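The structure presented is a predicted model; accordingly, all values stated were derived computationally and were not measured.
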Amino acid sequence: MANDLGLTAYAPPVRIATWNVNSIRQRLPRLLALLARHELDVVCLQETKVADADFPIDALLEVGYEALSHGQGGRNGVAIVSRLPLDEIARGMAGDPVPAEARLLAARAGDLTIASLYAVNGKEVGDPAYETKLAWYEALRDWARASFDLAAPVLLTGDFNVAPDDRDVYDPVAWRGRNLASEPERDRLRDVLELGFDDLGRRAAGDVEGPFSFWDYRMGAFHRGWGLRIDLALGTAPVAARLVSVDVDREERKPTSGEGKPSDHAPVIVTLRD
DNA sequence: ATGTCACTTTACAAGTGA
């Protein structure tokens, strides 16, 4: 989108991806290939598993992207990579029950406010970590309500570690009540949506199964189709109004489709009209 | 429910988390 001067600095981002990379160190070659393959404007990353000083900012700069990292050594960690200038808005959130864990980063890119988030996994229903997950979601709701003008273009994207409903699980009967699909966590996610967000992946797909974005490494889950849709993009009304498509790059989940091994998550790509 | 992967540690194997 060029203006009269032929400049593109104010063009809004139109191709935005979210990807749980399960270690940026292991996945950097695949990330670079992904940026080029889809001509992405912005990518939100989760489970980078590096401290900020070890984030590969130079390798990204070389291919025309700047990056913000909110990381910690070894675990968790989120980042935003963009070929538009980024203005940092938030690093972590008030009221986080696990403030030492790097799970949330928000920035402005063009006219869009974008958050990269990595929800608490919860381990299993009944585990103390599950209660932490519910509390984390309540903090997310309160933070989002306090932080954003929900009439403005805002996109919350990342690994939510919740499959919103039974269409988002390969075997709803087997998964009923289990962590990632249980009703209390679905209720907490719904509370976030009810602030004024739309689940763009569901809106784009309609009333069908999936499309899944995560397959466990074990048991040949990808090959067997044992997937979940837990990587989400939640947009306010101005974003939803610009929605063109939401696509899962399933090729990226295959061992053969790039350098090194795949993440257990596939990238989810949101395309907007400019 | 767990057939893998990535990380860490006082490191050449085992535990943790997902």
Review point. Which class fits the ring pair A:F160 and A:Y137: parallel under 30°, tilted 30 to 60°, perpendicular over 60°?
Key: tilted
Exercise for review: For A:R75 and B:dG15, give me the distance from atom CZ to atom C1', rounded to whole Å.
Suggested key: 12 Å
Point to revise | Spacing of A:Y217 atom OH relative to B:dT2 atom P, expressed in whole Å | key: 20 Å
Check your understanding: Rounded to whole angstrom units, what separation is found between the CG atom of A:N76 and the C1' atom of B:dT8?
Key -> 14 Å
Study note, to complete from the structure: Between CZ of A:F222 and C1' of B:dA18 the distance, given in whole Å, is 18 Å
Exercise for review: Pick the P atom in B:dA11 and in B:dA6, then give their distance to the nearest Å.
Suggested key: 23 Å
**Study point:** Gap between atoms CZ and P, on A:R224 and B:dT4 respectively (whole Å)
**Key:** 12 Å
Point to revise | Residue whose closest nucleotide on DNA chain B lies nearer the 5' end, A:H265 versus A:A174 | key: A:A174
Check your understanding: If you check the A:Y170 side chain, which of B:dC7, B:dG3, B:dA1 turns out closest?
Key -> B:dA1
**Study point:** Short N-O contact, A:R37 and A:D249, less than 4.0 angstrom
**Key:** yes
**Study point:** Distance, C1' atom - from B:dA13 to B:dA1, rounded to whole angstrom
**Key:** 26 Å
Exercise for review: Counting heavy atoms from C-beta on, name the nucleotide in B:dC7, B:dA1, B:dG17 closest to the side chain of A:K123.
Suggested key: B:dG17
Review point. For A:Y118, which contact category applies under a 4.0 Å heavy-atom criterion: base, sugar-phosphate, or nothing?
Key: sugar-phosphate
Revision key, fill the gap. Between A:N22 and A:D264, whichever has its closest DNA chain B nucleotide further toward 5' is A:N22
Practice item. Ignoring backbone atoms, test whether A:R218 places a side-chain nitrogen or oxygen under 4.0 Å from the OP1 or OP2 oxygen of B:dA18. Key: no
Review point. Which part of the nucleic acid, if any, lies within reach of A:G74 when heavy atoms closer than 4.0 Å are counted: base, sugar-phosphate only, or nothing?
Key: sugar-phosphate
Point to revise | Nucleotide B:dA6, atom P - distance to CD of A:Q46 in whole Å | key: 17 Å
Point to revise | Between B:dG17 (C1') and A:D159 (CG): distance, integer Å | key: 13 Å
Point to revise | Whole-Å P distance, B:dT10 and B:dT4 | key: 27 Å
Exercise for review: Determine, for A:E183 against A:R186, whether the closest basic-nitrogen to carboxylate-oxygen distance falls under 4.0 angstrom.
Suggested key: yes
Check your understanding: Is A:W215 touching bases, backbone alone, or none of the nucleic acid, heavy atoms closer than 4.0 Å?
Key -> nothing
Practice item. Identify the residue among A:Y170, A:W215, A:F212 that makes a ring-ring contact (aromatic ring centres under 6.0 Å, His included) with A:F222. Key: A:W215
Check your understanding: Between A:E66 and A:R83, does at least one N-O distance fall below 4.0 Å, as a salt bridge requires?
Key -> no
Exercise for review: Using a 4.0 Å heavy-atom cut-off across all strands, classify A:R27 as base, sugar-phosphate, or nothing.
Suggested key: sugar-phosphate
Check your understanding: Any side-chain N or O of A:S23 less than 4.0 Å from the OP1 or OP2 oxygen of B:dC7?
Key -> yes
Review point. In whole angstroms, how far is the P atom of B:dT2 from the CH2 atom of A:W175?
Key: 13 Å
Review point. A:H265 vs A:F214 aromatic rings, parallel, tilted or perpendicular, using cut-offs 30° and 60°?
Key: tilted
